[in-house]
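A short worksheet on the structure shown next.
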Amino acid sequence: MSRIVKSDERVGIELIVNGERERVNVGPSRFLSDVLREDLGLTGLKVSCGMANCGACTVLVDGTPVYSCITLALDCEGRAITTIEGLSQDGELHPVQRAFVEYDALQCGFCTSGQILSMTALLEKNPAPTEEELRQAMSGNLCRCGAYVKILQAGMNVNR
Amino acid sequence: MPKLVKTKVENEGRVTEEYAWVEEPKTTPWDVEEELRVVGKPIARVDGVERVTGAAKYTTDIQLPRMVHGNYVRSPHPHARIVSIDTSEAEKIAGVRGIIHSKNIANFANVANIRFANHRDFFNDPVRFVGDEVAAVFADSMEIARAAAQKIRIEYELLPFVLDAEAAAQPDAPQLTQNGNLVDGKPSTYARGDVEKGFADAAVIVEGVFTTGAQVHSALETHSSVAEWDGKTMTIYESSQDVVGVQNRVAKLLNLDAARVRVIASYIGGAFGAKFGAGKFTLLGALMSNKLRRPVRFVLDRKGEQIAAGQRSATKQYLKLGAKKDGTLTAIQLTNYNNVGAYASWNPYTEGPARELYACENVQTTSYGVFTNTPPFAAFRAPGFVEGIFALEALMDELAAKLKMDPLALRMKNYSSVFPENGRGYTSNGLLDAYQEGARAIGWEEKKNGKRETRNEKRETRNGIRRGIGMASQIWYGAGAPPSFAIVKISTDASATILTATQDLGTGTKTILCQIAAEELGFPIERIDVEIADTQAGPFAGASGGSMTASSIGPAVREAAADARQQLTQIAATILKKRAKEIRIENGIVKTRDSEKSVAEILKEIDNMQILGHGSRNPNPSEYEIRTFGAQFVEVAVDVETGEVRVERVVASHDSGRILNPLTVSSQIEGGVLQSMGFALMEQRVLDANGASLNANLEGYHIPTIADTPKIETHMIDRADPLANNLGVKGVGEPPIIPTAGAIANAIYDAIGVRFYDAPITRDKVLDALERMERGD
Ligand code: FES
Ligand code: FES
């Protein structure tokens, strides 16, 4: 769906965020990451590079991982967005979250929401990935603390 | 009664004598053989759930009503005087709340209250590097702050500049400070024995000139601060390794009692040495918040983080070794230049390994910390030692080749069982064990020396790949020291809370503190809570750096828990009508010879009460040296077509005393190895001829990804060091980053027979070397 919005215009759109319908007012250059963090208070995603290099801002849009720091909010009108806050159900951790805790697949935790969402998306499509497939699917998510060894272990064991 | 004692405190190679206020110890060290219940077990992080659900709030997540945003204007020139700053156009923009720069800072603060190291001011004039802060703009939104920054007119008078450290150390170089271009005004020198004689006695001499690149911390959370003044208290949220340090700085600036400044660093998105003390942005934010009576958020953008928030300094090292035929080192001589950039308060200890690692009688080092018109230095995980080991261990390999000795055997030959600078003993030294364990685990004997036609011959190429193996040693500090204080409180519901103003950088501090308290109290770990990184909640604890957190605050927490346990035992004895020594507390159960009652049941008898245990860190023994040791062994595969080096496997064997938690320790080891691999193969800030960074982002500045990750095996020696402290623990944060890069370079040599003297060893360098080899030159 595309439409013309003037640069100083703000339009009301609806996003389905973690299953809830949310109305937000956005200008044409507003990024999804800012709408989620600033307007909706969903600060689990992080903006670390702001230019599609690190993956800390990863969220799922209709199940597909995207870098929310370069995704325009307007382009998400009516679409289903999953953030880390929406992953656990009724206080129960999602299996990927549980594996991250159990295998210590995080250190500072700043990259972690992005890592978990990327892995969740992969496992939806491919429940038993090889290590190589995991490496490929996760290579857009940087971790400066170097939790990668444990992330691989977590990924290999989520569905065991 | 507590007493005031003088004690030796070491941090990243800098040793000072300091006073410490210490109590009589309430514990004795756990025995080496002692079976512990919680300590030493692979327990998952106590704050893991917060970190995987997005509940953990980092500084950059703090949003407050009416928040003002700060943004820097940075210098486009490497060295320039500021002729004028015109902010009139910028101030006209609606939503701009203030602009601070060198010409008006005095209107905002009593700047004399705040001293920065080496003539650094809030805003330096002249500016000293491309990226130096010229002004800070505060506005209602980041967009407005950025737009306003564009409208500030600054007139510069360009000055001559110098980028290279060795050039800047020459007398005719452009001068950065009134005291010249050297940190401390002179090189730091060290000598023992007589190197000339040492070289004269040598059967073999090897020399090399090494360079290492500027490695940028690149923490995923940039430096950030949110200041909130409520008319009485200044609250600072800060991504910091050192909440008390920030508190003191801000209190001084605003002329407030320290108690009126509260600093919180609940979650920190990576630090690695660059987040000590208060940033200038912190102080500027606090000033503005104070003036505007609105919260101020000051978060560096990624570019600012990469160019102005610190780096491991680039080095140039002239190194020379001499040895007898049997491998005994007769002389080590090192002259090194550390490019500390525009500002630095100290000179990283690049010569440390040359001085401390080997038993060599004749050692001479000269280390220049040189100011240049490049981005400023900040401690980066084992500053100096990664660089120093890279050179020293490469040259040790060359020496081994010349002597036709196994490189590992050469190192073991020069092992020092005492501290070589003064002959004092170590509290513990597991270096030989680390060598042996690492060699066994990787299969050194077979892979390095077996089936090889002759040593130093090129490895065979199979499918365009040549494989090689290499190793390097590690020595580092990590003793920890006083002062550090903790409180452990027990409530009537039989839960306990640890309070201390230390930090958890992602290392797992909270988890090990809970383990220590659970062990000492005899409580289940689930009943232990921990409040750290808040100056209002916990007593003083030092900065988290220098691999000192566990070994500084851990013993204090054990002391506090012991105090609380003694009080609880007394209460239980009274209620149960027993003598205190008949009582044991295990897993939350108070046991006597003939009864078992839970702690909760006992405490139910008392309506309102609180047990407050307190503890402090006792001094280190003065008659010993404390060091951590280790060795790493790596296997690499070099693609001779593309020049790509893949690290396939790393075996890391380290002696850090007692291992408190093998799960989180292995995570730290893996992280250190990966950062060192980045240093060895890909990471380097690139500057153009004017000193402007060409890769100030995470696209051009490459850090390792999951695709690059080798198999990393952690083999801790795990032997308690009861002479060091009551836990028997030494630090583990920095040791793993120290040897990997050197071991990788040695493995590359083993694979293709080419020695690289310059890190990072990028693909183009490898290809170039292979081509030259092909051509036979
Ligand atoms: S913040 Fe979006 S990819 Fe880095
Ligand atoms: S855990 Fe720190 S960046 Fe990944």
Side-chain angles (χ1 to χ4, degrees), chain A residues 29 34 37-38 41-56 83-88 93-94 96-116 132 134-152 155, chain B residues 42 44-45 47-58 60-63 217-222 267-272 301-302 305 504-508 661 663-664 666-675 677-678 697-701 703-712 714:
Chain A
S29 59
D34 294 337
R37 284 176 57 84
E38 291 165 11
L42 297 169
T43 56
L45 73 95
K46 311 298 176 198
V47 176
S48 175
C49 70
M51 52 186 278
N53 299 142
C54 77
T83 71
I84 193 72
E85 290 88 349
L87 210 55
S88 48
L93 293 184
H94 183 279
V96 175
Q97 291 173 312
R98 219 179 308 129
F100 265 63
V101 175
E102 189 181 331
Y103 289 90
D104 205 39
L106 58 95
Q107 292 180 40
C108 78
F110 206 75
C111 70
T112 306
S113 68
Q115 306 277 5
I116 290 175
E132 216 25 65
L134 260 172
R135 283 175 189 263
Q136 261 183 25
M138 306 286 298
S139 61
N141 289 86
L142 297 179
C143 173
R144 186 45 157 171
C145 299
Y148 300 132
V149 175
K150 302 278 166 58
I151 292 171
L152 288 172
Chain B
R45 272 166 214 266
D47 58 357
V49 172
E50 290 91 309
R51 291 186 199 253
V52 299
T53 54
K57 286 268 180 266
Y58 296 74
T60 41
D61 299 332
I62 305 290
Q63 293 180 31
H217 302 69
S218 312
L220 285 200
E221 185 182 36
T222 61
Y267 291 91
I268 300 139
F272 316 118
D301 56 18
R302 175 54 57 190
E305 182 71 19
D504 187 333
L505 311 178
T507 51
N661 184 332
L663 181 63
T664 51
S666 61
S667 293
Q668 286 207 66
I669 298 282
E670 290 152 13
V673 164
L674 285 165
Q675 287 179 349
M677 185 182 95
N697 48 53
L698 294 175
E699 183 163 302
Y701 185 91
I703 65 173
T705 70
I706 200 165
D708 304 318
T709 301
K711 193 159 181 251
I712 304 174
T714 299

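To find a chain, count down the sequence lines: A is the first, B the second, and so on, and within it residues start at 1.
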- Task: Heavy atoms only, distances under 4.5 angstrom: which of B:Val49, B:Leu674, B:Asp708, B:Leu663 has the most pairs with chain A? Name it, please.
- Result: B:Leu663

- Query: Based on non-hydrogen pairs under 4.5 Å, which of A:Gly146, A:Ala56, A:Ser48 is most in contact with chain B?
  - Reply: A:Ser48

- Message: Given heavy-atom pairs under 4.5 angstrom as the criterion, report whether the side chain, backbone, both or neither of A:Ser113 touches chain B.
- Response: neither

- Sequence-distant partners of B:Asp61, side chain to side chain contact (heavy atoms under 4.5 Å, CB included), two or more places apart: A:Arg37, A:Thr43, A:Lys46, B:Lys57, B:Tyr58

- Message: So which atom in A:Lys150 and which in B:Ser666 form the shortest heavy-atom distance, rounded to 0.1 Å?
- Response: NZ-OG, 2.8 Å

- Give a yes or no on whether the backbone of A:Cys108 and the side-chain of B:Arg51 come within a donor-acceptor separation of less than 3.5 Å. yes

- Message: Using a 3.5 Å distance criterion without hydrogens, assess whether the side chain of B:Gln675 forms a donor-acceptor pair with backbone atoms of A:Arg144.
- Response: yes

- Message: Quick check on the interface: out of B:Thr664, B:Asp504, B:Val673, B:Asp301, who has the most heavy-atom pairs with chain A under 4.5 Å?
- Response: B:Thr664

- Task: Side chain from CB out, backbone as N, CA, C, O: work out which of these in A:Glu102 comes under 4.5 Å of a heavy atom of chain B, or both, or neither.
- Result: backbone

- Note on the structure: dist A:Gln107:CD -> B:Ile268:CD1 (nearest 0.5 Å) comes out at 13.5 Å

- Item | Atom of A:Glu85, atom of B:Gly54 and distance for their closest heavy-atom approach | OE2-O, 4.3 Å

- Task: Output the distance between atom CG (A:Leu142) and atom CD1 (B:Ile703), rounded to the nearest 0.5 Å.
- Result: 4.5 Å

- Check each atom of A:Leu93 against the heavy atoms of chain B and say whether the ones under 4.5 Å are side chain, backbone, both or neither. side chain

- Message: Under 4.5 Å from any heavy atom of chain B, what part of A:Leu106 do you find: side chain, backbone, both or neither?
- Response: both

- Query: Counting only N and O atoms by type, is there a donor-acceptor contact under 3.5 Å from the side chain of A:Tyr148 to the main-chain atoms of B:Pro704?
  - Reply: yes

- Item | pair A:Asn141-B:Ile706: side-chain heavy atoms closer than 4.5 Å | no

- Query: Does the pair B:Glu699 and A:Cys49 meet the rule for a side-chain contact (heavy atoms from CB on, under 4.5 Å), with working shown?
  - Reply: CA-CA 9 Å; B:Glu699 183 163 302; A:Cys49 70; over 6 Å; no

- Count the heavy-atom pairs under 4.5 Å between each of B:Thr709, B:Leu698, B:Asp47, B:Leu220 and chain A, then report the option with the highest count. B:Leu220

- Query: When heavy-atom pairs shorter than 4.5 Å are enumerated against chain A, which of B:Gly48, B:Ala55, B:Pro710, B:Gly269 gives the highest number?
  - Reply: B:Gly269

- Message: If we define contacts as heavy-atom pairs under 4.5 Å, which of B:Ser218, B:Gly270, B:Ala707, B:Ala271 has the most with chain A?
- Response: B:Ser218

- Item | Contacting moiety of B:Gln63, where chain A heavy atoms sit under 4.5 Å | side chain

- Query: Can you say whether A:Glu38 sits under 4.5 Å from chain B via the side chain, the backbone, both, or neither, judging by heavy atoms?
  - Reply: both

- In terms of heavy-atom pairs under 4.5 Å with chain A, the winner among B:Ser667, B:Gly508, B:Ala219 is B:Ser667

- Item | Candidates B:Ile669, B:Thr714, B:Ile712 - the one meeting side chain to side chain contact (heavy atoms under 4.5 Å, CB included) with A:Val149 | B:Ile712

- Value for CD (B:Glu670) from CD1 (A:Ile151), rounded to nearest 0.5 Å, stands at 10.5 Å

- Message: With a 4.5 angstrom heavy-atom cut-off, is it the side chain or the backbone of B:Pro42 that approaches chain A, or both, or neither?
- Response: neither

- Message: Using heavy-atom distances under 4.5 Å, tell me whether B:Ala56 contacts chain A through its side chain, its backbone, both, or neither.
- Response: backbone

